[in-house]
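Take a look at the structure below.
Everything quoted here is computed from the prediction, not taken from an experiment.
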Amino acid sequence: MTDKAPKQRDLDHLMEQNATELEFLSAYGGTSIEGDGGPLLAALTRFLKAGNVEVESPSETEIAFAYGTAIVVENGCKVVFEGSGLPLVASDVQQAGFAHGLLSEDRTRCEVILIEWGYDQRRFIERMSEHFSRVE
């Protein structure tokens with residue numbers, strides 16, 4: 001007789017088995033879509049909608065929401081936020097997974113290119129959404 005525990009189902013197996021029930025998790029999980037703007041825009045859209053942000057899609061490559069816009073660019077997804085007193089410092093848009101981050105001196109405009117969809121990017125978008133939900 002062996003003392004080995006029976007093999008447990010792994011996360012991939014469970015997700016495959018329950019794919020229709022777990023689709024919403026894609027708004028929160030990391031991805032391997034680095035630098036591909038289309039899937040990054042889709043992930044951003046799902047994430048905003050999951051946070052009850054109304055999103056308009058004028059085309060397949062751009063979205064608009066109350067406090068900003070996002071558009072597919074060559075190496076990612078460019079996101080622009082506009083509003084007073086953005087709760088950011090320059091280093092917030094210059095970390096891993098972001099490119100060409102700019103914050104205006106008066107902190108009323110921020111633009112950054114998302115080149116991956118990981119925890120830092122989700123937390124960044126979440127912080128901005130929280131800020132604007134308090135302002136409204």
**Study point:** Over all atoms of both residues, closest heavy-atom pair of N75 and I113
**Key:** O-CG2, 4.5 Å

**Study point:** Closest contact, heavy atoms only, A70 versus L44
**Key:** CB-CD2, 3.6 Å

Practice item. Measure the shortest side-chain to side-chain distance between I71 and V73 over non-hydrogen atoms and say whether it is less than 4.5 angstrom. Key: yes

Practice item. Please list, chain by chain and in numerical order, all residues satisfying side-chain hydrogen bond (donor to acceptor under 3.5 Å, both in side chains) with S104, sequence neighbours excluded. Key: D106

**Study point:** From CE (M128) to CD (E130), nearest 0.5 Å
**Key:** 11.0 Å

**Study point:** Nearest atoms (heavy-atom pairs only) where C77 meets L40
**Key:** CB-CB, 3.9 Å

Study note, to complete from the structure: By salt bridge (charged side-chain N to carboxylate O under 4.0 Å, His left out), R109 pairs with (sequence neighbours left out) E82, E111

Exercise for review: Would you mind listing every side chain to side chain donor-acceptor pair (under 3.5 Å) that reaches into residues 57-66, with sequence neighbours excluded?
Suggested key: S59-T61, S59-E62

Point to revise | Residue pair T69, V79: steps toward the side-chain contact (heavy atoms from CB on, under 4.5 Å) verdict | key: CA-CA 6 Å; T69 60; V79 182; over 6 Å; no

Less than 3.5 Å apart, which donor and acceptor atoms pair up between the side chains of residues 91-103 and the rest of the protein, not counting sequence neighbours?
| residue | atom | partner | partner atom | Å |
| --- | --- | --- | --- | --- |
| D92 | OD1 | R127 | NH1 | 3.4 |
| D92 | OD2 | V89 | N | 2.9 |
| D92 | OD2 | R127 | NH2 | 3.3 |
| Q95 | NE2 | D92 | O | 2.9 |

Practice item. Grab the two heavy atoms, one from Q121 and one from G118, that are nearest each other, plus how far apart they are. Key: OE1-N, 2.8 Å

Exercise for review: Considering non-hydrogen atoms only, spot the tightest contact between R107 and P87 and give its length.
Suggested key: NH1-CA, 4.1 Å

Review point. Would you call L48 and I63 a side-chain contact if the rule is heavy atoms closer than 4.5 Å?
Key: yes

Practice item. Report the residues that fulfil salt bridge (charged side-chain N to carboxylate O under 4.0 Å, His left out) with E126, sequence neighbours left out, ordered by chain and then residue number. Key: R123

Review point. Can you check whether F124 and Y119 have ring centres sitting under 6.0 Å from each other?
Key: no

Point to revise | For T45, side-chain hydrogen bond (donor to acceptor under 3.5 Å, both in side chains) partners two or more places apart | key: none

Check your understanding: Given the rule in the side-chain contact (heavy atoms from CB on, under 4.5 Å) test, do W117 and I125 qualify, once you have shown the distances and angles that lead to the verdict?
Key -> CA-CA 11 Å; W117 186 250; I125 300 299; 4.3 Å; yes

Review point. Tell me, do V80 and Y67 make a side-chain contact under 4.5 Å, heavy atoms counted?
Key: no

Practice item. Apply the test side-chain contact (heavy atoms from CB on, under 4.5 Å) to residues F47 and R122: give CA-CA distance (whole Å), side-chain angles for both, the deciding distance (0.1 Å), then the verdict. Key: CA-CA 8 Å; F47 191 76; R122 292 188 312 275; 4.0 Å; yes

